[in-house]
Amino acid sequence: MAIKNAFYAQSGGVTAVINASACGVIETARKHPDQIGKVYAGRNGIIGALREELIDTTEESDDAIRALMHTPGGAFGSCRYKMKNLTENRREYERLVEVFRAHDIGYFFYNGGGDSQDTAFKVSQISEKMGYPITCIGVPKTVDNDLPFTDCCPGFGSVAKYVATSTMEASLDIKSMCESSTKVFILEVMGRHAGWIAASGGMAGKGRGEPPHIILFPEIPFDREAFLARVEQSVKDCGYCVVVASEGAQYEDGRFVADAGGKDAFGHTQLGGVAPSLANMVKQALGYKFHWAVADYLQRSARHIASAVDVEHAYTVGQKAVEMALAGKQAVMPIIVREQSSPYRWHIGEAPLSDVANQEKKMPIHFITDDGFGITEDCREYLQPLIEGEAFPPFENGIPKVAELKHVMAEKKLKTPFEV
């Protein structure tokens, strides 16, 4: 079998552990020099392939690649660039195949969410038609935990651990001050259409009356009067109220509570902040002193408190993606299959990219309490193993150490530049 090079790219919003998947891909490829030559990484994701900006990872030492295991962000750069349908812009896909052909790339590992898996699937199709078949394997990633088939998504467990911890710690702050100061605290977390991250805030407390007192899910229509009534009751019963709100909280008619009136690069509604919107409701209706916070990028980059299980998941899907490619698999994605929750046992399965693409897995209704404001025991059982274990990075002078990469670029071979 002829030796072919490989191309790896990171896509969309990064996570605390996406680089662990990169490590899994590169380290595993290095173990098979008889089948895989160089591993190129796209500079800024798929844009790097279109522009023929390829980072030659063979120039990185084994230690530098291993350090990806404890480095947040996207080590090679990511992007929010959704490739159009084949019928709308066939040229983009043809350009990818041209670049891959020029650099003798026979393997494509795309590390991202549903849009990315769709792209990988389309590349597998068009490359075959162009007479230069490329083995395309998806590598799952998304903090939103909304990819279908896989039990969970690498990146989610660490966000869940961060949000649960932050909710608990902030709640202790509010509880200690509520008699004469802030009575309502609202934490806004990511999750446009699926409430998995918001649900993880519920792991902060178990007993009746323990915070968070309210969780707002995209799956449950927001009812302003019911929300305010619960806030008021929590303050009367507990002295304070802690709210964890998904950025995607929406009314019965589908309007986002935080609709800012614009669109992002993927055509999604631009959200302007559900926390301040909710805080204004509380102030106007109840007059309580409040504070709010937006977890924003902090929740997805907090490698210092990553879940050990999540790190293992992320590395393993990268490793298995390469092994699947070398085993002759095509257009599939490694998935995490849960065998049991306690003690936690899992293994890697696979799902066809054609089925994974552009689908969202939302919270099951039985994971949400009947009142719509909390999580059930079934949900706790699901979440608990995903936030287990600590995988602290090495520290130097009080600050976490991260990978230091050279980012040596491969020489361009195509004469025609490509604008994106």
- Task: Return yes when atom NZ of K412 has more than 12 non-hydrogen atoms of other residues, nucleotides or ligands closer than 6.0 Å, and no otherwise.
- Result: yes

Value for OH (Y162) from CZ (R300), rounded to nearest 0.5 Å, stands at 13.0 Å

Closest non-hydrogen contact found for V99 with A49 is CG2-O, 3.2 Å

Between S341 and Y382 (side chain of the first, backbone of the second, donor and acceptor by atom type, cut-off under 3.5 Å), is there such a pair?
no

Partner of F76 under side-chain contact (heavy atoms from CB on, under 4.5 Å), picked from L54, T57, N111, is T57

Residues V244 and G201: closest non-hydrogen pair is CG2-CA, 4.4 Å

Is a donor on one side and an acceptor on the other found under 3.5 Å between the side chain of D151 and the backbone of V337? no

Tightest non-hydrogen contact, residues N19 and G73, listed as ND2-O, 3.0 Å

* Asked: Counting heavy atoms not belonging to K413, are there more than 12 under 6.0 Å from its NZ?
  -> yes

Tell me, do Q250 and P218 make a side-chain contact under 4.5 Å, heavy atoms counted? yes

Are T58 and D56 linked by a side-chain donor-acceptor pair shorter than 3.5 Å?
yes

Taking 4.0 angstrom as the limit, do R91 and E98 come out as a salt bridge? yes

Quick check: does any side chain N or O of S78 sit under 3.5 Å from a backbone N or O of G12, one acting as donor and the other as acceptor?
-> yes

Exercise. Centres of the F7 and F108 rings: under 6.0 Å?
Worked result: yes

- Item | R380/E377 under salt bridge (charged side-chain N to carboxylate O under 4.0 Å, His left out): CA gap, chis, key distance, verdict | CA-CA 5 Å; R380 290 182 183 280; E377 286 304 312; 3.6 Å; yes

- Message: A quick test of your reading: do over 12 heavy atoms of other residues, nucleotides or ligands sit less than 6.0 Å from CE of M409?
- Response: yes

Rounded to the nearest 0.5 Å, the NE2 atom of H193 sits from the CD atom of E247 at a distance of 9.0 Å

Answer yes or no: is there a side-chain heavy-atom contact under 4.5 Å between V184 and L278?
no

* Asked: Between K82 and D115, is there a donor-acceptor pair closer than 3.5 Å when you use the side chain of the first and the backbone of the second?
  -> no

Given the side-chain rings of F227 and F222, with only the six-membered ring counted for Trp, is the space between their centroids under 6.0 Å? yes

Say whether, by atom type as modelled, one donor and one acceptor occur between the side chain of E388 and the main chain of A308 under 3.5 angstrom. no

| For atom CD of Q359, is the number of surrounding heavy atoms from other residues, nucleotides or ligands below 6.0 Å larger than 12? | yes

How about I174 and C241: do any of their side-chain heavy atoms sit closer than 4.5 Å?
-> no

Separation between CG (L172) and CE (M177), nearest 0.5 Å, reads 13.5 Å

For the pair L326 and I36, evaluate side chain to side chain contact (heavy atoms under 4.5 Å, CB included) and give the outcome as yes or no after the intermediate values.
CA-CA 9 Å; L326 296 180; I36 299 178; 3.9 Å; yes

Given the options Q340, H313, E339, W346 meets side-chain contact (heavy atoms from CB on, under 4.5 Å) only with H313

Is the backbone N or O of G195 less than 3.5 Å from a side-chain atom of S246, with the two atoms forming a donor-acceptor pair by type?
no

| query | Between V332 and M324, is a side chain to side chain contact (heavy atoms under 4.5 Å, CB included) present by the stated rule, with each step listed? | reply | CA-CA 8 Å; V332 297; M324 286 178 178; 4.0 Å; yes

Look at the side chain of E60 and the backbone N and O of H407, then say whether any donor-acceptor pair between them is shorter than 3.5 Å. yes

Report task. Find out whether T119 and Y110 are in side-chain contact, i.e. whether some heavy atom of one side chain is under 4.5 Å from a heavy atom of the other. Result -> yes

Short side-chain donor-acceptor distance under 3.5 Å, T369 and D371 = yes

Ignoring hydrogens and geometry, is there a side-chain-to-backbone donor-acceptor pair from Q330 to I134 under 3.5 Å? yes

Do the side chains of I197 and Q299 get nearer than 4.5 Å, heavy atoms only? yes

Before accepting this row, confirm whether a basic side-chain N of the pair D146/K362 lies closer than 4.0 Å to the acidic partner's carboxylate O.
no

With heavy-atom distances below 4.5 Å as the criterion, would you say the side chains of V242 and K175 are in contact? no

Rounded to the nearest 0.5 Å, the OG atom of S116 sits from the CD atom of Q10 at a distance of 10.5 Å

### Query
Between the side chain of E52 and the main-chain N/O of L414, is any donor-acceptor distance below 3.5 Å?
yes

**Asked** Do M363 and C379 come within less than 4.5 Å of each other through their side chains, counting heavy atoms only?
**Response** yes

In terms of heavy-atom contacts, A164 and S200 come closest through CB-O, 3.4 Å

| query | So does N397 have more than 12 non-hydrogen atoms from other groups sitting under 6.0 Å from CG? | reply | no

*Basic-acidic side-chain contact under 4.0 Å: E27, R66*: yes

Correct closest heavy-atom pair for A351 and I335 would be CB-CG2, 3.9 Å

CD (E94) and CD1 (I126) are apart, to the nearest 0.5 Å, by 5.0 Å

Output for pair (E53 CD, Y40 OH), nearest 0.5 Å, gives 14.5 Å

Sidechain N-carboxylate O distance under 4.0 Å for K161, D310:
no

Report yes or no: does T150 contribute a side-chain atom to a donor-acceptor pair with the main-chain N or O of C152 at less than 3.5 Å?
-> yes

key: D62 side chain reached by R30 side chain, heavy atoms, under 4.5 Å   = yes

Correct closest heavy-atom pair for E92 and L50 would be O-CD2, 3.5 Å

In terms of heavy-atom contacts, does CG of D370 have more than 12 from other residues, nucleotides or ligands at under 6.0 Å?
no

Q: Let me see the working for Y81 and N44 under side chain to side chain contact (heavy atoms under 4.5 Å, CB included), right down to the final yes or no.
A: CA-CA 10 Å; Y81 184 80; N44 299 320; over 6 Å; no

R90 atom CZ, over 12 foreign heavy atoms within 6.0 Å
no

* More than 12 heavy atoms from other groups under 6.0 Å of NZ on K329 -> no

Given side chain to side chain contact (heavy atoms under 4.5 Å, CB included), test L383 with I387 step by step and report yes or no.
CA-CA 7 Å; L383 292 171; I387 64 174; 5.6 Å; no

ask   = Hey, would you say the H213 and F373 ring centroids sit under 6.0 Å apart?
value = no

